[in-house]
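I have a structure here, written as structure tokens, and I will follow up with some questions on it.
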Amino acid sequence: MTTLFDPIKVGALSLPSRIAMAPMTRSRTDQPGNLPNDMMAAYYAQRASAGLIITEATQISRQGQGYSFTPGIHSDDQVAGWRVVTQAVHEAGGRIVNQLWHVGRMGHGMFHADGLPVAPSAIAPDASVWVVDPKTNRAGMVECPVPRALKTTEIAEVVADYAAAARNAKVAGFDGVEIHAANGYLIDAFLRFSSNKRQDRYGGSVKNRIRFAIEVVEAVAAEIGADRVGLRISPFITQRGMDDPSAPETILEMAKALARIGIAYIHIAEADWDDAPETPRAFRSALREVFSGSIIVAGGYDKERAKVILDAGLADVVAFGRAFIANPDLPRRFAEDLPLSVFDSETLFGGDHQGYTTYGPYAPGA
């Protein structure tokens, strides 16, 4: 019977357990330049007992940014900052991959010279993003504008940006990368009719809808090796204008192509809000049939739910998000059945050490 504490090989990575730290935006970079810093190095090193750390989403280019203070991996200074992070995690015995991100239409106009995010089509996402007003320094959720449609010639440039980011991640010392293709961001938008009305090279058939994703994966794999690449999906998301009943079928077709490329894993981002759609067992089983790599799941899991899905053979690794924020020693707490601390949601985005590196390991009576 598989447990959370069994080791596993995921592509080129040997993990000591099946407990992963899920990617979580925390917006703690140094400004200007969206630079990873020593505080971030301390934060990730505190959580190095995870079988695998997946970093917060990291923009592959200036165009790829949509939220304030999120890190990039497209400048030399950003790469140098991330190198401090990876060294700290490795010295603490951990393994860490960088999540590569282009927000697409899920962004604010303040990050673009023309005031417009980019997307497959000029369709607004019906969503908001967290930004800090540079004039007032006030932070809050702001509605996304209508994006502009990418020109066909620009799509190849974005693919090249992904490849460059993967190359930079290798230089920065990451053990691999995870491509963010979920939650309504750029790659996910190409996969769905609800956000992609293009009728040219990337529109229409399932084959064409997955083409951008496959080109990105191939370009990234060419830089760092397919066995060090993962891809995150969210087949059943309905938020952000992404409700598309055909998305699961499209994603299963994409998974077949990913299996042929030989990537290390697929990471299912499951909705965890009240009344959210569940991921059907039939989809999980179908994904197992068409994809030969490892499967990571994340979204509201606790120790008991993790045991159930591992026992069923429908996942190989379970990623925990909020639990890792307030419990940097989460694997130990699971192993010894220790109580879990609850994170402060008010300190989730932005700020300083408080609510970031101030959570400590378990201490009786604390």
Query raised in the report: Gln78 side chain to Pro71 main-chain N or O, any donor-acceptor pair under 3.5 Å?
Result: no
Requested in this report: Return yes if some donor-acceptor pair links the side-chain N/O of Asn168 with the main-chain N/O of Ile73 below 3.5 Å, else return no.
Outcome: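 Yes, because the side chain of Asn168 sits within donor-acceptor range (under 3.5 Å) of the backbone of Ile73.
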Query raised in the report: Under 4.5 Å between side-chain heavy atoms, hopping through other hydrophobics if needed: is there a path connecting Ile96 to Phe324?
Result: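 In one cluster with Ile96: Phe324, yes.
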Requested in this report: Evaluate the criterion side-chain contact (heavy atoms from CB on, under 4.5 Å) for residue pair Thr55 and Gln99; output intermediate values, then yes/no.
Outcome: CA-CA 6 Å; Thr55 72; Gln99 189 185 70; 4.2 Å; yes
**Report entry** Parallel, tilted or perpendicular, as decided by the 30° and 60° cut-offs, for the rings of Trp101 and Tyr67
**Finding:** tilted
**Report entry** Test: Arg26 and Glu56 ion pair at under 4.0 Å
**Finding:**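 No salt bridge links Arg26 with Glu56.
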**Report entry** Ring geometry between Trp82 and Tyr44 (parallel below 30°, tilted from 30 to 60°, perpendicular above 60°)
**Finding:**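 Tyr44 and Trp82: tilted rings.
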Query raised in the report: Which distance, rounded to the nearest 0.5 Å, do you find between the CD1 of Ile53 and the CE of Met21?
Result: 6.0 Å
Query raised in the report: More than 12 heavy atoms of other residues, nucleotides or ligands under 6.0 Å from CZ of Arg332: is that the case?
Result: yes
Report task. Decide whether Val297 and Val290 are clustered together by the hydrophobic rule: side chain heavy atoms of Ile, Leu, Val, Met, Phe, Trp, Tyr closer than 4.5 Å, transitively. Result ->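 Yes, one cluster joins them.
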Query raised in the report: Do any N or O atoms from the side chain of Glu253 and from the backbone of Ala255 form a donor-acceptor pair under 3.5 angstrom?
Result: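 Side chain of Glu253 to backbone of Ala255: no pair is present.
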Query raised in the report: Is there a chain of hydrophobic side chains (I, L, V, M, F, W, Y, each step under 4.5 Å between heavy atoms) that links Leu258 to Ile210?
Result: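 Looking at the clustering, Ile210 is in the same group as Leu258.
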Report task. Kindly say whether Asp114 contributes a backbone atom to a donor-acceptor pair with the side chain of His112 at under 3.5 angstrom? Result -> no
Query raised in the report: If every non-hydrogen atom of Val317 is compared with every non-hydrogen atom of Ala20, which pair is closest and at what distance?
Result: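 Taking Val317 first and Ala20 second, the nearest heavy atoms are CG1-CB, 3.8 Å.
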Query raised in the report: Under 4.5 Å between any side-chain heavy atoms of Tyr356 and Thr347, yes or no?
Result: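 SC-SC contact between Tyr356 and Thr347 ruled out.
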Query raised in the report: Would you say the side chain of Thr3 lies within less than 4.5 Å of the side chain of Leu310, judging by non-hydrogen atoms?
Result: no
Query - Arg105 versus Pro117, closest heavy-atom pair with distance - result: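 So the two residues come closest at CA-CB, 4.1 Å.
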Query - Under 3.5 Å: donor-acceptor pair, side chain of Thr357, backbone of Tyr43 - result: no
Query raised in the report: Just wondering, are more than 12 heavy atoms of other shown residues or ligands nearer than 6.0 Å to CG in Asp302?
Result: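 Yes, the 6.0 Å shell around CG holds more than 12 heavy atoms from other groups.
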Query raised in the report: Taking atom CD of Gln87 as the centre, does the number of heavy atoms from other residues, nucleotides or ligands within less than 6.0 Å exceed 12?
Result: yes
Query raised in the report: Near Glu143 CD, under 6.0 Å, is it more than 12 heavy atoms from other residues, nucleotides or ligands?
Result: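 Open: at most 12 neighbouring heavy atoms sit under 6.0 Å from CD of Glu143.
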Query raised in the report: Does Asp6 reach the main-chain N or O of Arg18 with its side chain, forming a donor-acceptor pair under 3.5 Å?
Result: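 Judged by distance alone, no pair lies under 3.5 Å.
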Requested in this report: Flag yes if Tyr162 and Leu150 sit in one hydrophobic cluster, no otherwise; membership is Ile, Leu, Val, Met, Phe, Trp, Tyr, and two members link when side-chain heavy atoms are under 4.5 Å apart.
Outcome: yes
**Report entry** Interatomic distance, Ile251 atom CD1 to Phe291 atom CZ [nearest 0.5 angstrom]
**Finding:**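 Those atoms lie 13.5 Å apart.
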Query raised in the report: Would Val129 end up clustered with Val146 when hydrophobic side chains under 4.5 Å apart are linked, directly or stepwise?
Result: no
Query raised in the report: So, do Pro23 and Arg232 sit near enough that their side-chain heavy atoms are less than 4.5 Å apart?
Result: yes
**Report entry** Verdict with reasoning, Arg192 to Thr250, per side-chain contact (heavy atoms from CB on, under 4.5 Å)
**Finding:** CA-CA 8 Å; Arg192 300 173 190 254; Thr250 300; over 6 Å; no
Report task. Keeping the roles fixed (side chain from Asp175, backbone from Val97), state whether a donor-acceptor pair exists under 3.5 Å. Result ->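 Looks like no, no N/O pair under 3.5 Å.
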Query raised in the report: Is the backbone N or O of Gly300 less than 3.5 Å from a side-chain atom of Arg305, with the two atoms forming a donor-acceptor pair by type?
Result: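 Yes, because the side chain of Arg305 sits within donor-acceptor range (under 3.5 Å) of the backbone of Gly300.
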Query raised in the report: For atom NZ of Lys207, is the number of surrounding heavy atoms from other residues, nucleotides or ligands below 6.0 Å larger than 12?
Result: no
Report task. Identify the residue among Leu100, Val217, Val216, Val177 that makes a side chain to side chain contact (heavy atoms under 4.5 Å, CB included) with Leu231. Result ->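 Going through Leu100, Val217, Val216, Val177 one by one, the side chain to side chain contact (heavy atoms under 4.5 Å, CB included) with Leu231 is satisfied by Val217 alone.
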Query raised in the report: Do Phe283 and Phe236 have ring centroids that are under 6.0 Å from one another?
Result: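 Yes.
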Report task. Could you tell me whether the side chain of Ser234 and the main chain of Asn183 form a donor-acceptor pair under 3.5 Å? Result -> yes
Query raised in the report: Between Glu289 and Leu252, is any pair of side-chain heavy atoms under 4.5 Å apart?
Result: no
Report task. Check whether any side-chain heavy atom of Phe5 sits under 4.5 Å from a side-chain heavy atom of Phe334, and report yes or no. Result ->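 The answer is yes; the side chains approach within 4.5 Å.
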Query raised in the report: Is Leu4 close to Lys303 at the side-chain level, that is, under 4.5 Å between some pair of heavy atoms?
Result: yes
Report task. Test Gln46 against Tyr359 for side-chain hydrogen bond (donor to acceptor under 3.5 Å, both in side chains), laying out the working first. Result -> CA-CA 9 Å; Gln46 285 176 331; Tyr359 298 107; over 6 Å; no
Query - Glu154 side-chain N/O to Lys151 backbone N/O, donor-acceptor pair under 3.5 Å - result: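 Pair found, side chain donor or acceptor close to backbone of Lys151.
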Query raised in the report: Is the CD atom of Glu346 crowded by more than 12 outside heavy atoms at less than 6.0 Å?
Result: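 Counting other residues, nucleotides and ligands, CD of Glu346 stays at 12 neighbours or fewer.
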**Report entry** Ile237 side chain near Asp188 side chain, heavy-atom distance below 4.5 Å
**Finding:**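 Answer yes - side chains close enough.
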Query - side-chain contact (heavy atoms from CB on, under 4.5 Å) evaluation trace for Val171 with Arg83 - result: CA-CA 8 Å; Val171 172; Arg83 190 178 296 114; 3.3 Å; yes
**Report entry** All pairs passing salt bridge (charged side-chain N to carboxylate O under 4.0 Å, His left out) where residues 307-316 contributes a residue, at least two apart
**Finding:** Arg288-Asp316, Lys307-Asp311
Requested in this report: Answer yes if the side chains of Gln63 and His102 hold a donor-acceptor pair under 3.5 Å, and no otherwise.
Outcome: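 Distance-only check passes for Gln63 and His102.
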Query - Minimum side-chain heavy-atom gap Ser27-Ser68 below 4.5 Å - result: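 The answer is no, as the side chains (C-beta and beyond) never meet within the 4.5 Å cut-off.
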